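No experiment lies behind these values; they were computed from the predicted model shown. The sequence lines fix the lettering, A, B, ..., with proteins before strands; numbering per chain opens at 1.
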Amino acid sequence: MTDNTKYNPQAIEPKWQEQWEQDKLYRAKVDWNKPKHYALTMLPYPSGDLHIGHWFAMTPSDARARYMRMRGFNVLFPMGFDAFGLPAENAAVQRNIHPKKWTLANIERMRKQMRSMGAMFDWEREMVSCDPDYYKWTEWFFKQFYQAGLAYRSEALVNWSPTLQTVLANEQVIDGKDERTGQPVIQKMMTQWFFRYTRYTDEMLNFDNVDWPEPIRIMQTNWIGRSEGARVVFKTEQGDPLEVYTTRPDTLWGATFMVLAPEHPLVEKVTTKEQRKAVDAYKEQAARQTEIERSAEGREKTGVFTGGYAINPVTNTRIPIWIADYVMITYGTGAIMAVPSGDQRDFDFARKFGLEIIPVVQPEGEKFDGKTMEVAYDGAGIMINSGPLNGMISNGQKGRKNPAVDAAITYLEERGIGKESVNYRLRDWLISRQRYWGSPIPMVEKQDGTFEPVPDDQLPVLLPDDVDFLPTGQSPLKLHEGFQNTVDSEGKPAKRETDTMDTFMCSSWYWYRYLSPHFQQGPFDPEEAAYWLPVDVYTGGAEHATMHLLYARWFAKAMRDLGMFEEAMDIMKAHGRDTDSMLWGEPMLKLRNQGQVLGEERDGHFIVASGTWQAAKLFADKVDVIDPANAPAKRSKLVVGEIIKRTENLLTVDIGNDETRTVEVVPDAVITIPGIEGPCRADQLKHHLEIQRMSKSKGNVVNPDEWVGRYGADSVRAYLMFGFDWQKGGPWDSKGIQGVVRWVNDVWDIVTGYQPPASGDAEAERNLERRVHQTIRRVSEGLENFSFNTSIAGLMGFRNDLKDVMKASNVGAAAWGEAIKTMLKMMAPFTPHMAEELWAQQGHSYSVHQQSWPEFDADKAAEDTVTLVIQINGKVRDRVSVAADIGEEEARTTAMERETVQKALNGGTAKKVIYVPARNGQEPKVNVVV
RNA sequence: GCCGAUGUGGCGCAAUUGGCUGACGCGAUCGACUCAAAAUCGAUUGGGUGCAAACCCUUGUGGGUUCGAGUCCCACCAUCGGCACCA
């Protein structure tokens, strides 16, 4: 027989989940009479199993959404799946499962797991990005952008495996080799589809209308990387114009050579016969490196002279043209003028290859000489060796604010050899992927090589299911005749585009689809959009700072400019709502990022192994796991220490003093592990786990289902919110969860197992009321600020107060009941099932989640007395309890009269007495400076 | 390499605008209950000196600003996230 009076989450949680679903408690419907709140949390990729990281991201977001709902908002909190992507294709190649089957099975599984969270997701709004109903509109967006001139075709570098004849993702390339086969990978130019991401650079630099974390804004700002300077046209000796971008046109007179990216189109033409071989070899070598490797500033400069020359347009001198991998084809014009005296990279390059260095900016009091300079100088100074600019000030500032830059630009523009220019680090968005499992690009290539979009009534272009996966990873669409062969608008044979879209494209508009996932006339229903948009708060990982979150903003701006929100805005206006937030083109008004839950640290088994030695390796036929305290003193021929790594039967053992030994456990070895009966297997030996990201291969993955099974979803939710700084994350601690388990059980026992007296002591009741309101303040503030841990700490503190009250038994039933009622409402966002169960048991009307949030009353929270903190020279030396409404004069007098202060003054007078008034619940302070 | 963040007891963390460092927990130690263990309950718990009162030290390191610094400034160290085809 089970004890019905004990907290039993396994019975309560499924019961309420079912009830809520039946009652459509979380169905979010448009209601113009209520203020709306669109709470969005990043949708998961269906990798297979719901991870503790998903819980960490989603359940606190859910708690906050629930809080907003109790605050009176009509809350939309949807969920879906970002279902296209590489892992599904890898599964197909490696395990012969169709990506669709694999993905849909994973989604099914994760949906079930997600229900156990007890989150208020409105499942009727679910979207799945690999569903044709969804990607029809992803394709439609592509087409809209194409027709508006926001999509175009151009060349870009890709990771190309010559052996596999396929394109690889960055994550598939390790140290310039394919991670699967170890075959070399090169950088190759291919024609691909792009979005004019750079169209909105300046607008995306503006964050005036959003509440986003400062670090994210800084990262996006740097990612966009606006710089002011000039474009200058040099000429090669053959007469070809060679344009460069520079932020320092004032230093043009010091440009003693040029450097082109190895991929630059003019390289071919300027290279002389003598240099051809060296140039080709260098190009090949550069193609083997990624951009990150190439841009590492500290590394030795490499490069090759092309044999060609250009003319410096201001000095008319002949300067050599080199190629070097520190110049990127993707930035600026892919060519630079090198001013070694002013740029450290150019300086290093010049020194290495014996190129001329001409100082052009010289700080006052210095005398630079190109032959003796030791480092480049990029600070402020006076112009020298610069013809018309000589004697001018270069003040170190960017753009026209710098007089020398200003004069240089004017000079260039007057002569038509250059012009002022703003450059961005941001590149256009390459959306083509040479993969199968993605949204098709709805374009066909006509016989003449031009492209035209697929007509709307033929959307979506469906991904064919009958495809073959080659072990090379080549896109099956390339081999699928039936998919490729089609006709153009004139009925002539044409070829379908076989590239698919970047999955970031799918995730750049999903929150619009949630509004009306089954809407047929467009990507979203304007009626729904008018009410719910924009997203009020978006939660997710900070790792999306520069990509997803920037794409999302681009989409919103492009959609606005293509008039996609016009209808919704008309409806908004009709309801008297301001449309400014739509005109900003900002998809999410508030953004907050959570950190990551890392794996738990675990000690490895401490072992004594014996056997035979062979080439510094012990082949052990006996391994005993022991307590380190009992380690044998004599260790010759033995290996004694903690297992830090185990691969199959191969152990790496830490024997102390930073030394390790390798032990191979022979097949029939005798292994004993305390607590495990009989002979053990080598794979039962545990190795040390460090705190690091969870991954299957490291064996440190925390499975939420297991913990839900043990303690219930409410405890797992509460622990994730209590045990971490949400914005920071941290290692999982399987012991730490005990704290919330005890709390939840305590609350259960307090609410169900105590009979208060009919009437109580007035002062005790006043004290309880005070604590109730102090708790309301703490819990509310925590939820507002995403400091879930302090909210729960407040509730735990309140639990402690209630236990004290129970012991004293001096609070009457009415006051007690009121306190319990308020507490249950406050617990509802964190432990929704238990709060609902206890709410029902207390006889209150269903549902606790439809109650309004308790109102905070500052008067009721106020203390009668406070501690006056007395400092001497800033150090706390004394405390005294005083009335809470103590004034400044009285506080000063009280402090000065204290013995501690008198002693410190030692008959003298204080130099200064500083009074710090009480504010925001802090104590007043007096600091006496002796 | 570049961009961004973080660093406080044995551990997770808290500290609102520059104003009592360590709330709330985990763990640990001692005690109660128990034949015993678990659970639960009570007490202690940053380090040091001291019988005690009390005093000194302590927020990654080194400087600085201030009556007062975990918080602001400068330099450095360590760790984590991102770097455009992972999502």
> By nearest atom, which of the nucleotides B:G19, B:C85, B:G4 is closest to the A:Val158 side chain?
B:C85

> Testing A:Asp499, A:Thr166, A:Thr498 for side chain to side chain donor-acceptor pair (under 3.5 Å) with A:Gln434, which one passes?
A:Asp499

> Heavy atoms under 4.0 Å, any strand shown: does A:Trp223 hit a base, just sugar-phosphate, or nothing?
base

> Using whole Å, what does the distance between atom P of nucleotide B:C86 and atom NE2 of A:His51 come to?
19 Å

> Provide, to the nearest angstrom, the distance between the CD atom belonging to A:Glu923 and the P atom belonging to B:U21.
12 Å

> Under 4.0 Å between any heavy atoms, over every strand shown, what does A:Gly225 touch: base, sugar-phosphate, or nothing? Just pick one.
nothing

> Side chain of A:Tyr45, heavy atoms from C-beta onward: which of B:G27, B:C3, B:A87 has the nearest atom to it?
B:A87

> Tell which nucleotide pairs with B:G10, taking only Watson-Crick or G-U wobble pairs whose two distances are both under 3.5 angstrom.
B:C26

> Write down the distance separating the C1' atoms in B:A14 and B:G46, rounded off to the nearest Å.
15 Å

> OP1, OP2 of B:C83 versus side-chain N and O of A:Asn170: anything below 4.0 Å?
no

> Using whole Å, report how far CZ of A:Phe504 lies from P of B:C85.
8 Å

> Please pick, from B:G81, B:G19, B:C56, the nucleotide with the shortest atom-to-atom distance to any side-chain atom of A:Arg693.
B:G81

> Could you let me know what B:C55 is paired to, Watson-Crick or G-U wobble, both distances under 3.5 Å, or none if it's on its own?
B:G48

> What's A:Ser787 touching, base or sugar-phosphate or nothing? Going by heavy atoms closer than 4.0 Å.
nothing

> Would you indicate, yes or no, if B:A87 has its OP1 or OP2 atom less than 4.0 angstrom from a side-chain nitrogen or oxygen of A:Thr503?
yes

> B:U79 and B:U65: how far apart are their C1' atoms, nearest whole angstrom?
29 Å

> Just to be sure I understand the rule, does A:Asn785 reach a base, reach only the sugar-phosphate, or reach nothing, if contact means heavy atoms closer than 4.0 Å?
nothing

> Using a cut-off of 4.0 Å on non-hydrogen atoms, how would the nucleic acid contact of A:His544 be classed: base, sugar-phosphate, or nothing?
base

> Would you classify A:Gln871 as touching base, sugar-phosphate or nothing, given that sugar-phosphate means primed atoms plus P, OP1 and OP2, and contacts are heavy atoms under 4.0 Å?
base

> In whole angstrom, what separates A:Glu781's CD from B:A15's C1'?
13 Å

> Would you say A:Tyr510 and A:Phe81 make side-chain contact, with heavy atoms under 4.5 Å?
no

> Say we look at B:A23 and B:U16: how far apart would their P atoms be, to the nearest angstrom?
15 Å

> Which label fits A:Trp429 and A:Tyr551: parallel for a plane angle under 30°, tilted from 30 to 60°, or perpendicular past 60°?
parallel

> If you find the nucleotide of RNA chain B closest to A:Lys912 and the one closest to A:Ala793, which residue's nucleotide is nearer the 5' end?
A:Ala793

> The side chain of A:Lys875 lies closest to which of these nucleotides: B:C57, B:A14, B:A87?
B:C57

> I want to verify a distance call: between B:G27, B:C85, B:C20, whose nearest atom is closest to the A:Arg742 side chain?
B:G27

> Could you tell me how far B:C57 sits from B:G50 if I compare only their C1' atoms? Round to whole Å.
15 Å

> Can you tell me which nucleotide in B:G19, B:C13, B:A84 comes closest to the side chain of A:Lys728?
B:C13

> NA contact type, A:Leu426, heavy-atom cut-off 4.0 Å: base, sugar-phosphate, or nothing?
base

> Using O4'-C1'-N9-C4 for purines and O4'-C1'-N1-C2 for pyrimidines, with syn meaning within 90° of 0, is B:G9 syn or anti?
syn

> A:Asn106 has an atom CG; how far is it from atom P of B:A87, in whole Å?
14 Å

> Between atom CZ in A:Arg425 and atom C1' in B:G1, what is the gap in whole Å?
12 Å

> Need one value for A:Arg217: base, sugar-phosphate or nothing, where a base atom within 4.0 Å counts as base even if backbone is also close, heavy atoms only.
nothing

> Remember a base hit wins even if backbone is also touched, and classify A:Lys803 as base, sugar-phosphate or nothing at under 4.0 Å, heavy atoms.
sugar-phosphate

> Rounding to an integer number of angstrom, what distance separates B:G70 and B:U8 when you compare their C1' atoms?
7 Å

> Would you say A:Ser227 and A:Tyr424 make side-chain contact, with heavy atoms under 4.5 Å?
no

> Which base sits across from B:G31 as a Watson-Crick or G-U pair, both distances under 3.5 Å?
B:C41

> What's the gap between B:A39 and B:C26 when it is taken at their P atoms, as a whole Å value?
12 Å

> Give the rounded distance in Å between these two atoms: CG of A:Asn593 and C1' of B:G82.
12 Å

> Return the nearest nucleotide to the side chain of A:Met219; candidates are B:G81, B:A87, B:G19.
B:G81

> How are the rings of A:Tyr197 and A:Trp554 set relative to one another: parallel (under 30°), tilted (30 to 60°) or perpendicular (over 60°)?
perpendicular

> Is any side-chain nitrogen or oxygen of A:Asn800 closer than 4.0 Å to OP1 or OP2 of B:C24?
no

> Any strand counts, and the cut-off is 3.5 Å on both contacts for Watson-Crick or G-U wobble. Which nucleotide pairs with B:U66?
none

> Any ion pair linking A:Glu214 and A:Arg217 (charged N to carboxylate O, less than 4.0 Å)?
yes

> With rounding to whole Å, what would you report as the distance between B:G22 and B:C74 at their C1' atoms?
28 Å

> Looking only at side-chain atoms of A:Thr790, point me to the closest of B:C67, B:G19, B:A15.
B:A15

> Does the side chain of A:Ser715 come within less than 4.5 Å of A:Trp743's, by heavy atoms?
no

> Report the nucleotide, chosen from B:C67, B:C13, B:C20, that has the shortest atom-to-atom distance to any side-chain atom of A:Ile914.
B:C67

> For a quick check of understanding: with a heavy-atom distance under 4.0 Å over all strands, which category does A:Arg799 fall into, base, sugar-phosphate or nothing?
sugar-phosphate

> With a 3.5 Å cut-off and heavy atoms only, can you find an N or O donor on one side and an acceptor on the other between the side chain of A:Gln192 and the base of B:C85?
yes

> Has the side chain of A:Asn927 got a donor or acceptor atom sitting under 3.5 Å from an opposite partner on the base of B:C67?
yes

> Separation of A:Asn745 atom CG from B:U40 atom P, in whole Å?
8 Å

> Any base atoms under 4.0 Å from A:Asn789, or only sugar-phosphate, or nothing? Heavy atoms, all strands.
sugar-phosphate

> Name the residue closer to the 5' end of RNA chain B, choosing between A:Arg879 and A:Gln738 according to the nucleotide with the nearest heavy atom.
A:Arg879

> Using the P atom as the reference point in each nucleotide, state the distance between B:C20 and B:U71 in Å, no decimals.
13 Å

> Partner of B:A84 by Watson-Crick or G-U wobble geometry, both contacts under 3.5 Å, or none?
none

> Name the pairing partner of B:U21, where a pair is Watson-Crick or G-U wobble with both distances under 3.5 Å, or state none.
none

> For A:Asn159 and A:Ala169, work out which heavy atoms get closest and say how close.
ND2-C, 3.8 Å

> Counting side-chain heavy atoms from CB outward, which of B:C85, B:C20, B:G25 is closest to A:Asp502?
B:C85

> Base, sugar-phosphate alone, or nothing: which one does A:Gln434 contact when heavy atoms must sit under 4.0 Å apart?
base

> Using purine N1 to pyrimidine N3 plus N6-O4 or O6-N4 for Watson-Crick, or N1-O2 and O6-N3 for G-U wobble, each under 3.5 Å, what pairs with B:A5?
B:U79

> Can a side-chain donor-acceptor contact be found between A:Arg427 and A:Thr330 if the only test is distance below 3.5 angstrom?
yes

> For the residue pair A:Thr775 and A:Met796, establish whether any side-chain heavy-atom pair is separated by less than 4.5 Å.
no

